[in-house]
**Student:** 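Would you mind keeping the following structure in view while I ask a few things?
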Amino acid sequence: MKIFLDTANIAEIKKGLAYGIIDGVTTNPSLIAKEQQEFIPLIKEITATIPGPVSVEVTASQPEEMIAQAERYAAIAANVVIKVPINLEGLQVVKVLAGRGVKTNVTLIFSPSQALLAAKAGATYVSPFVGRIDDISGDGMALVEDIALIYDNYDIATEIIVASVRHPLHFVQAARIGADVATIPFATLAQLLNHPLTASGMERFLKDWHKVKS
Ligand code: E4P
């Protein structure tokens, strides 16, 4: 499973890269706003920092305008992936961009039918938001299972990015299902490694090591 960082923070991306486990980045308008920086220079810096795919979301609502934004963002760097919301306008945009060889990440996926239609339009990736479904007492990972089954039934090449990941269990469940990608907030990275037995084991080994005669 590929791991993307769900952030627009350069320091976090650099740290993730140094750990050797990050394959790409996903941003969204809220994550961009958090950085309080100019948008285009920030995207330039992110795409120059990480060689893998970087999702950048269009914010216009009409297809022509969305396509114009997408073309502008895609021209920033070869690793830009255009994030498009799932709706009728979004589908049209995905089709046009796919025809032009521009990669897309169809976002705000909350149902298997949305994921199937996005794939039919030519999406490179779909992003089911598991955490937001759990937030309203749904089962986010059941959605990922459904999409994986449907894509498998029809040999669909669109990759599944498990998004809105909130805790390590989401990450493990995504890998069990065989999702292509999990995009995770930086804070979740450390949580994935933490284990009390690892910490106490290290402490005991170090204590015993000090007793060794040198
Ligand atoms: C994914 O591409 C989104 O940026 C992100 O995962 C949304 O997560 P949230 O529900 O925690 O905002």
Side-chain angles (χ1 to χ4, degrees), residues 1-13 16 21-37 39 42-43 46-47 49-50 52-60 66 69-70 73-74 79-87 90 93-94 97 102-112 114-115 118-119 121 123-145 147-148 151 158-175 177 179-192:
M1 185 168 70
K2 284 171 271 189
I3 302 176
F4 291 178
L5 264 188
D6 201 22
T7 186
N9 184 280
I10 296 289
E12 290 183 353
I13 295 167
I21 51 169
I22 298 305
D23 303 291
V25 162
T26 51
T27 69
N28 64 36
S30 310
L31 292 170
I32 297 281
K34 225 167 101 182
E35 296 310 309
Q36 299 188 308
Q37 287 182 48
F39 176 55
L42 178 60
I43 297 301
I46 295 172
T47 51
T49 303
I50 181 156
V54 175
S55 289
V56 182
E57 191 156 340
V58 291
T59 49
M66 289 158 90
Q69 275 187 332
Y73 303 161
N79 54 339
V80 166
V81 172
I82 302 299
K83 227 176 180 187
V84 182
I86 182 71
N87 52 31
V93 171
V94 169
L97 295 179
V102 176
K103 290 186 176 164
T104 53
N105 172 0
V106 179
T107 189
L108 290 166
I109 295 279
F110 292 99
S111 77
Q114 291 178 326
T124 316
Y125 304 96
V126 287
S127 290
F129 277 32
V130 297
R132 293 194 195 185
I133 295 178
D134 290 359
D135 287 346
I136 56 160
S137 305
D139 184 349
M141 293 315 300
L143 169 62
V144 178
E145 271 173 350
I147 298 171
Y151 281 11
T158 302
E159 294 192 29
I160 302 171
I161 302 179
V162 177
S164 187
V165 165
R166 298 276 159 79
H167 49 68
L169 191 55
H170 278 152
F171 179 82
V172 174
Q173 287 170 324
I177 293 168
D180 302 282
V181 185
T183 187
I184 59 176
F186 187 78
T188 309
L189 263 190
Q191 290 180 326
L192 293 177

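Everything numeric here is computed off the predicted structure, so don't read it as measured data. Both counts, for ligands and for their atoms, begin at 1 and track the order of listing.
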**Student:** Are the side chains of Arg132 and Ile136 in touch, meaning some heavy atoms are under 4.5 Å apart?
**Tutor:** no
**Student:** Which residue supplies the protein heavy atom nearest to atom 2 (O) of ligand 1, what is that atom called, and how far is it?
**Tutor:** Lys83 NZ, 2.6 Å
**Student:** Is there a side chain to side chain contact (heavy atoms under 4.5 Å, CB included) between His170 and Thr188? Walk through the geometry before answering.
**Tutor:** CA-CA 10 Å; His170 278 152; Thr188 309; over 6 Å; no
**Student:** Considering only the protein, which heavy-atom contact is closest to atom 11 (O) of ligand 1, and what is its distance?
**Tutor:** Arg166 NH2, 3.2 Å
**Student:** Quick test: of every protein heavy atom, which one is nearest to atom 12 (O) of ligand 1, and how far off is it to 0.1 Å?
**Tutor:** Arg132 NH2, 2.8 Å
**Student:** Measuring only between side-chain heavy atoms, which start at C-beta, is Thr49 closer than 4.5 Å to Thr47?
**Tutor:** no
**Student:** Just by modelled atom types, is the Thr59 backbone N or O under 3.5 Å from a matching donor or acceptor in the Gln69 side chain?
**Tutor:** yes
**Student:** Check Ile86 against Ala118 and note the closest heavy-atom contact, atom names and distance.
**Tutor:** CD1-CB, 4.1 Å
**Student:** Can you tell me which residue and heavy atom of the protein come closest to atom 8 (O) of ligand 1, and the distance to 0.1 Å?
**Tutor:** Ser164 CA, 3.4 Å
**Student:** Please tabulate, for side-chain N and O atoms in residues 21-28, each donor-acceptor pair with protein atoms closer than 3.5 Å (sequence neighbours left out).
**Tutor:**
| unit_1 | atom_1 | unit_2 | atom_2 | d |
| --- | --- | --- | --- | --- |
| Asp23 | OD2 | Ile3 | N | 2.8 |
| Thr26 | OG1 | Asp6 | OD1 | 2.7 |
| Thr26 | OG1 | Thr183 | OG1 | 2.6 |
| Thr27 | OG1 | Ser55 | O | 2.6 |
| Asn28 | OD1 | Ser30 | N | 3.0 |
| Asn28 | OD1 | Leu31 | N | 2.7 |

**Student:** Can you tell me which residue and heavy atom of the protein come closest to atom 5 (C) of ligand 1, and the distance to 0.1 Å?
**Tutor:** Asp6 OD2, 2.8 Å
**Student:** For atom 7 (C) of ligand 1, which protein heavy atom lies nearest, and how many Å away is it?
**Tutor:** Phe129 CE2, 3.7 Å
**Student:** What residue and atom, counting heavy atoms only, is the protein's closest point to atom 4 (O) of ligand 1, and at what distance?
**Tutor:** Asn28 ND2, 2.7 Å
